[in-house]
Structure formats: structure tokens, C-alpha cells
Amino acid sequence: MGTLTRPAIAFVNPSVGFSDRRKSKPIGLAYIMAYLERAGFPSSGFDFGDSEDDAVELAALYGLDRFDVVGFSVYNESFRAAVAMAEWIRSRRPECLIVLGGPHATAVHEHILRRHPCVDVVVRREGEEAMLELVRGLDDRAGLTAIKGTTWRAPDGTGTSSGTGDSDGNGDGGDLLVNADRDFVPDLDLIPFPDAEFTSHSGYPDLTYYDEVQGRLKAALTICSSRSCPYDCSFCGVLTIGRKYRSREAERVVAELLHFRERHGVNYEHVYFSDANFFVSPARALEVAEALYEADPQVTFSFGTRVNQILKAAEVLPRLKERGLRFIELGIESASEPVLERLAKHVKPEVNVAAVRLLKRLGIEISLDFIMLDPATTLADIRANTEFLREAGFYDYVPHDHLYTALVLYEGTPIRDFYARRFGVVFDPDELPSPFTLFELPEVQRFSDTLRAFRKQWQDRIDGALAQGELALASIGDDTDLPRASHARLQLDVVSLRHAPNLFTERLLEDAEAGFPLLDGGGLEALLPRPGHDRVPLHDLIERTEATAREAGFAQTPGAVGPHGRD
């Protein structure tokens with residue numbers, strides 16, 4: 001490669017294969033880029049996370065072969081795209097150092113190097129310190145291979161084999177240099193703010209939060225105030241990085257908010273905490289809330305946590321609400337005890353119910369994390385879930401994504417190993433098996449297939465009409481020309497649309513429990529609900545809602561969403 005004083009460095013977030021309008025910048029890569037920038041090594045960021053374009057075409061379009069170092073952050077879903085890009089770069093620029101990191105790369109670091117010669121090194125777990133050592137020592141490739149927290153393909157058979165490589169005979173099969181794990185960054189406050197810019201193939205929507213308490217839309221900012229989680233849920237990809245929980249000081253969290261307000265010229269007034277588990281220490285959570293309130297009483301915030309922590313720290317929640325807590329992303333996952341045991345949640349269904357009741361009593365909104373199906377799901381498990389959703393008051397909950405979720409078996413998680421043993425198979429480390437093809441029971445498979453068909457045919461139409469109706473209701477003032485009867489009917493129709501996917505799910509479950517007589521006799525149409533006060537067909541309900549919204553003087557703009565707070 002020759003003498004390099006300042007190598008050209010790129011970091012890439014490869015595509016997961018689908019588009020997500022709620023896309024946000026890859027904060028993990030942003031931290032690494034900011035860390036290197038402070039040390040005098042600027043880099044370029046490329047975010048293709050939601051692109052549906054060909055990976056190689058993207059690599060060529062954005063000239064990824066012009067860099068001396070290219071680092072990919074990979075998940076199971078994005079691994080194939082990362083390898084395709086890496087192979088193209090290698091063919092165009094053989095001397096480029098190609099680095100993989102992230103949860104998937106950490107979980108199968110040895111396999112990657114054995115099967116994919118286009119990859120030079122895997123950085124395991126956290127990436128800031130190891131990446132800085134890599135770019136600092138780039139002039140001497142041989143000296144790089146001893147960096148802690150990295151795995152290399154050993155030159156000239158000088159490495160050691162752990163015997164854990166893949167057994168399919170792919171790759172060069174050589175020995176590996178698996179260096180000792182690097183200690184976790186002990187003080188997160190020493191890492192600079194994730195102030196890095198990315199070239200995005202699709203751009204980023206403005207992040208907002210509709211504050212129903214204050215009745216206005218707020219500009220929002222995502223902040224990560226801690227790393228990891230001390231719990232061991234069997235399905236969680238955080239386990240691949242490690243369970244060493246560390247948190248930042250409240251003052252640094254406030255400083256980050258103020259930094260990006262000035263940096264972007266945007267008055268951010270809501271903070272989405274993206275921590276894996278923000279509420280590990282309720283006392284510390286309260287310190288952060290108090291610090292934000294002292295800096296600006298208009299700032300509101302939200303975070304994610306577990307149900308058992310909600311109950312253990314119930315006395316803190318009222319104060320958090322006073323200081324701006326608007327909603328909690330609650331990891332309920334399932335209402336079935338056998339499923340909760342498989343997921344290693346270490347809670348009973350009644351704990352889920354108690355946590356929901358507590359938050360509703362306090363007036364704290366819930367954002368629902370839920371897994372409707374897993375490979376061993378039974379109709380009884382689905383029945384427990386639907387009854388919980390109805391009884392706990394989630395019939396009005398939007399978006400409806402929770403109705404369609406299935407457990408994803410991420411590489412490196414105990415649940416993936418559990419199902420590999422249960423099925424007597426070896427999952428290919430390069431592949432993420434579709435969660436919708438693994439069901440053990442044929443009746444559950446058919447339930448899932450039918451539910452997905454409903455989603456494909458109807459959910460977008462429901463979402464569009466619902467957004468149009470809710471935005472119309474929000475815009476109607478006292479001086480509206482809309483007749484009172486039409487206004488009242490629109491209110492009822494919006495509620496009916498919120499309920500429609502839930503009603504379909506219940507009807508489908510009842511049909512499954514009876515052996516699918518309706519589905520066999522009339523197909524999907526036979527199961528469509530007639531929601532609402534006058535039980536009109538779903539198609540008519542959608543058209544009526546849209547027509548009434550237009551009558552109110554509201555025409556939906558492309559991409560418009562309803563004021564649900566979290567959109």
C-alpha cells in the first residue's frame with residue numbers, strides 16, 4: 001500500500017434489503033467515525049441501510065474502491081450485501097483493508113474469515129479503540145495482527161485454529177489469529193458525541209414527536225446514554241456484544257442535546273433514548289430526567305426497558321413523568337408463559353399485565369415490543385396473545401406491526417442454538433432463516449400465511465385511510481363546515497379502522513381453532529371483519545373515511561402519517 005500518513009477511510013452501513021421510512025443514522029458507526037476524527041483520522045460514511053438497490057451497483061455508484069480502509073457494520077440481514085460490496089472492492093483495489101464489525105461479525109468472526117477471503121479482519125464487540133489502532137498502524141500490516149479484539153486470517157500458517165470454523169469446506173480453511181478480547185470502553189463519557197455525516201442513498205426523514213400533552217409537533221433527537229444490558233433474553237442480539245452495562249453522566253447527555261441543537265440549527269425538544277435498556281438504574285434515569293428538565297423544561301423524552309424493572313421502580317415513574325417522560329417502549333414480547341420461558345424473559349404473564357396497568361394508571365404511554373409468533377408457537381399461545389392485547393387496551397394501538405411479528409433467530413443468540421438443536425439442523429452462519437417458514441405446527445403456518453396475506457392486501461390501505469382521517473380530525477376547528485353528523489361518523493370510523501386488523505386476527509384465530517372452515521370455503525374475503533357502529537365492509541369503511549376527510553378539507557400528502565407521537 002505504500003507510506004500512508006492519512007489513509008482514506010470509509011465506513012459503510014450495508015442494506016438490510018428493505019426500505020423503512022423511520023430510518024435513522026447508524027449511531028454505532030457515527031461513534032467510531034467521531035472517535036477517529038478526534039484522533040486526526042477523518043472518514044467518510046455511507047448509509048445504504050434501507051436501499052433496495054443492488055449492493056455492487058451501490059458500491060460502484062459511490063466509489064467505495066477509492067478508499068484505503070473500508071469498514072462494514074453488519075447484522076444478519078445485511079451480511080450478504082456487505083460481502084458483495086467487499087468482493088467488488090477487493091477485485092478493484094486488492095490492497096484495500098476490508099474490516100467487518102458489528103453483532104453478526106462478532107458472533108461468527110472465525111467463520112467469516114474462513115469462508116470469505118475478501119475480508120481481512122473482523123473487529124469484535126466495540127469498535128472505537130481497535131479501529132483507531134488499525135488506521136494508526138496501517139503502514140505496517142504485519143504489526144496490525146496483534147491488536148486486541150480482532151480476528152485475522154493467519155499468514156503462512158502462523159496462527160492457531162480453535163476448531164470452530166465452518167464444516168462446509170468453503171473458504172481457505174487456514175488457521176486464524178484470534179486475539180484476546182479487548183476490554184470494554186470503561187468510561188463512555190470519554191467518547192466524543194456521534195457527530196458524523198453519512199451519504200445516504202435515500203436520505204433521512206425529519207425525526208419528530210407529536211406531544212399530545214402540549215398539542216404540538218416537536219423536533220426529536222436520538223441519544224444513546226448507555227451501552228448493553230445486564231439481562232440475558234435468549235433472542236437479543238445485544239448478547240453478542242456483551243452484557244457489560246455502562247452509562248454516561250447526566251451532564252454529558254444534556255451537553256449532547258445542546259451540541260446538536262447548535263450543530264444542526266434545530267431546537268430539538270424530544271429525546272428518543274436508543275439504549276438497549278435505559279432503566280437499568282432508576283436513580284440514574286431520574287438524574288438524566290432532572291438534568292434535561294433543568295436545561296429546558298420543554299424537553300420531553302422516551303426510553304425502552306423491561307416490565308419487571310417498571311414494577312421494581314414504580315415510585316420513580318411519577319417523578320419521571322413530571323420531568324417530561326412521555327412513553328416507554330416496553331419489552332412485553334408475549335402473553336404466553338411457555339413462550340416467555342423460551343425467550344428467557346424470567347417473568348410471568350401476570351407481570352406483563354401489572355406493568356401495563358401501572359403505566360396506564362400513571363398516564364404514561366406504551367410503545368409495544370411484541371413477538372406474536374415463534375417456531376414452536378401453538379394456537380393456545382396465539383390465543384393468550386390476542387386476549388392480552390384486547391384486555392390490556394391495545395386495540396387502539398398503532399402501528400399494527402405487533403400483530404405480524406415473528407421471532408428472528410439472530411446468529412450468536414441462545415434461541416438460535418435452541419432451535420438448531422430442536423430441529424436437528426445446522427443453520428448456515430451466512431443466512432438468516434425466514435421466521436415465517438419455521439413453524440412446527442401446520443395450523444400455525446397457515447395462520448401466519450393468511451395473516452401476512454391480509455397485511456399485504458389491506459394494511460397499507462388501512463394505514464393510509466387512518467392517517468388521513470386522524471389528520472383531518474386534528475385539523476378540524478370550531479369553525480368547520482363539516483356537518484356535525486359527518487364529524488361524529490369520522491371519529492367512529494377512525495376508531496373502527498384502528499380495530500380492524502385486531503378483529504381480523506381474532507376471526508382468523510377462531511377459524512384456525514375450528515379447522516379453517518371459513519378460509520376453506522371463501523378464502524381471505526370470508527374472514528374480513530365488518531368493524532364499526534354500522535358494520536360496513538372494510539373496503540367501504542376505508543373509502544368512507546377518506547371521503548369524509550376530503551369533505552373536511554383535508555387531502556393526504558404523500559408520506560403523511562397520523563399524529564401517533566412515535567411516527
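Keep in mind that the numbers below use all heavy atoms, side chains included, and drop hydrogens, waters and symmetry copies.
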**Point-to-point distance, once rounded to the nearest 0.5 Å, from NZ of Lys244 to SG of Cys229** = 14.0 Å
**Request:** Answer yes or no: is there a side-chain heavy-atom contact under 4.5 Å between Val299 and Leu257?
**Result:** yes
**Message:** Assess, by modelled atom type and distance only, whether the side chains of Tyr245 and Asn277 contain a donor and an acceptor separated by less than 3.5 Å.
**Reply:** no
**Asked** Could Arg125 and Phe184 be counted as a cation-pi pair, given that NZ or CZ must be under 6.0 Å from the ring centre and within 45° of the axis?
**Response** yes
**Message:** Tell me whether Thr151 contacts the main-chain N or O of His109 through its side chain, where contact means a donor paired with an acceptor under 3.5 Å.
**Reply:** no
**Message:** What I want to find out is whether Glu126 reaches Arg246 closely enough, with some N-O distance under 4.0 Å, to be called a salt bridge.
**Reply:** yes
**Request:** Only one of Gln214, Gln298, Arg216 passes side-chain hydrogen bond (donor to acceptor under 3.5 Å, both in side chains) with Glu269; say which it is.
**Result:** Arg216
**Request:** Taking the six-membered ring for Trp and the single ring otherwise, decide whether the centroids of His270 and Tyr272 are under 6.0 Å apart.
**Result:** yes
**Asked** Does a side-chain N-to-carboxylate-O contact under 4.0 Å join Glu333 and Lys345?
**Response** yes
**Prompt:** Salt bridge check: are Arg263 and Glu256 linked by an N-O gap of less than 4.0 Å?
**Reply:** no
**Asked** For residues Gln459 and Tyr404, is any side-chain donor paired with an opposing acceptor at under 3.5 Å?
**Response** yes
**Request:** Output the distance between atom OG (Ser336) and atom CZ (Arg342), rounded to the nearest 0.5 Å.
**Result:** 6.5 Å
**Request:** Indicate whether any N or O donor in one side chain lies under 3.5 Å from an N or O acceptor in the other, for His346 and Asn308.
**Result:** no
**Asked** Are side-chain N/O atoms of Asn502 and Arg390 paired as donor and acceptor at under 3.5 Å?
**Response** no
**SB check Arg455 Asp401 (cutoff 4.0 Å)** = yes
**Prompt:** Looking at Phe394, is Lys360 sitting on its ring face, NZ or CZ under 6.0 Å from the six-membered ring centre and within 45 degrees of the normal?
**Reply:** yes
**Request:** Examine the side chains of Thr150 and Asn179 and answer whether a donor and an acceptor come within less than 3.5 Å of each other.
**Result:** yes
**Message:** With no hydrogens and no angle check, just 3.5 Å: does a side-chain donor-acceptor pair link Glu411 and Tyr75?
**Reply:** no
**Prompt:** Would Asp369 and His402 count as having a side-chain donor-acceptor pair, cut-off 3.5 Å?
**Reply:** no
**Request:** Measure the spacing between CG of Asp47 and CZ of Phe11 and express it to the nearest 0.5 Å.
**Result:** 14.0 Å
**Fill in**
Rounding to 0.5 Å, atoms CD1 (Ile371) and CG (Asn385) come to a distance of 10.0 Å
**Prompt:** Would Asp275 and Ser226 count as having a side-chain donor-acceptor pair, cut-off 3.5 Å?
**Reply:** yes
**Message:** If you take the centroid of each ring, where Trp contributes its six-membered ring, are Phe303 and Phe278 closer together than 6.0 Å?
**Reply:** yes
**Item:** Test item: Arg66 side-chain N/O and Tyr62 main-chain N/O as donor-acceptor pair under 3.5 Å
**Value:** yes
**Item:** Donor on one side chain, acceptor on other, Lys218 and Thr300, under 3.5 Å
**Value:** yes
**Request:** Verify, without hydrogens or angle tests, whether Thr405 (side chain) and Met372 (backbone) share a donor-acceptor contact under 3.5 angstrom.
**Result:** yes
**Asked** Can you tell me how far CG of Leu403 sits from CG of Leu373, rounded to the nearest 0.5 angstrom?
**Response** 10.0 Å
**Asked** Any side-chain donor-acceptor pair under 3.5 Å between Ser225 and Arg284?
**Response** yes
**Worked verdict on Asp181 versus Lys148 for salt bridge (charged side-chain N to carboxylate O under 4.0 Å, His left out)** = CA-CA 6 Å; Asp181 286 337; Lys148 283 188 175 181; over 6 Å; no
